[in-house]
Amino acid sequence: MSYAYEGLATVCVLALYLNTPPNQLTTLELNIRVLNAGPKRFRLEFDRYLHGPKEANALRVVLPGGLLLQGPIVDGSNEPAGGWLLIDVEQYELPLEPPSNLNGWKWE
């Protein structure tokens, strides 16, 4: 099987719900495999139990080099010996220039 990425990554499991503060648990240097599972969808496989907050519904994966994959969890399995998660990728594009009005805020 050909993976889009195989190796260590930072994985953040999130519980994001309206009118509640976000709850997250980050695992550093988790050995993962990433497969392209269709348009704007990927499958993340891992070799051990992935800890996260109760009622987790989203995932953020930071690959070496800074590539960020994130989005809602669609399906998956999380067992003591490992598992997989199917994620719908949310596309984000950073603007080339900062916005003209930052309401008085500036980087110090």
Side-chain angles (χ1 to χ4, degrees):
M1 183 174 294
S2 178
Y3 295 107
Y5 174 78
E6 186 172 9
L8 299 177
T10 298
V11 178
C12 183
V13 182
L14 303 116
L16 301 174
Y17 293 96
L18 190 62
N19 298 324
T20 60
N23 188 4
Q24 66 184 41
L25 185 65
T26 301
T27 303
L28 304 173
E29 297 187 351
L30 179 66
N31 189 37
I32 64 166
R33 292 168 304 282
V34 177
L35 289 108
N36 182 354
K40 296 185 179 182
R41 186 172 276 190
F42 71 94
R43 178 182 165 117
L44 179 80
E45 298 177 349
F46 38 94
D47 299 328
R48 63 181 175 92
Y49 185 82
L50 182 59
H51 292 280
K54 185 177 181 178
E55 307 296 331
N57 62 349
L59 191 73
R60 179 182 307 130
V61 179
V62 182
L63 301 177
L67 180 61
L68 175 72
L69 302 171
Q70 66 181 11
I73 298 171
V74 177
D75 195 6
S77 174
N78 192 17
E79 303 293 331
W84 59 274
L85 293 170
L86 190 62
I87 309 299
D88 280 342
V89 178
E90 296 177 352
Q91 294 288 92
Y92 291 98
E93 291 187 19
L94 297 176
L96 297 176
E97 297 178 9
S100 58
N101 181 4
L102 293 175
N103 295 326
W105 183 88
K106 67 178 182 174
W107 184 264
E108 306 250 350

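Heavy-atom basis, side chains included; hydrogens, waters and symmetry copies ignored.
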- Message: If we check side-chain contact (heavy atoms from CB on, under 4.5 Å) with Tyr5, which of these qualifies: Val61, Val34, Leu67, Leu35?
- Response: Val34
- Query: What's the shortest heavy-atom distance between Asn78 and Arg48, and which atoms?
  - Reply: OD1-O, 4.4 Å
- Message: A side-chain contact here means heavy atoms from C-beta on lying under 4.5 Å apart; do Ile32 and Leu63 qualify?
- Response: yes
- Message: Within the structure provided, determine whether Leu85 and Leu50 are in side-chain contact (heavy-atom separation under 4.5 Å).
- Response: yes
- Message: Is there a path of hydrophobic side-chain contacts, each under 4.5 Å between heavy atoms, that joins Leu44 and Leu86?
- Response: no
- Residues that, via side-chain heavy atoms closer than 4.5 angstrom, fall in one hydrophobic cluster with Leu16: Leu14
- Message: Give me each pair satisfying side-chain hydrogen bond (donor to acceptor under 3.5 Å, both in side chains) with a member in residues 15-33, each pair once, sequence neighbours excluded.
- Response: Asn31-Asp47, Arg33-Glu45, Arg33-Asp47
- Task: List the atom of Val13, the atom of His51, and the distance in Å for their closest heavy-atom pair.
- Result: CG2-O, 3.6 Å
- Item | Residue pairs, two or more places apart or on separate chains, that pass salt bridge (Lys or Arg N to Asp or Glu O under 4.0 Å) and touch residues 70-80 | none
- Note on the structure: Heavy-atom nearest pair, Pro53 first then Ala15, reads CG-N, 3.8 Å
- Evaluate the side-chain proximity of Val62 to Leu68: yes if any heavy-atom separation is below 4.5 Å, no if none is. yes
- Query: What pair of heavy atoms forms the shortest contact from Ile87 to Val74, and how long is it?
  - Reply: C-CG2, 4.4 Å
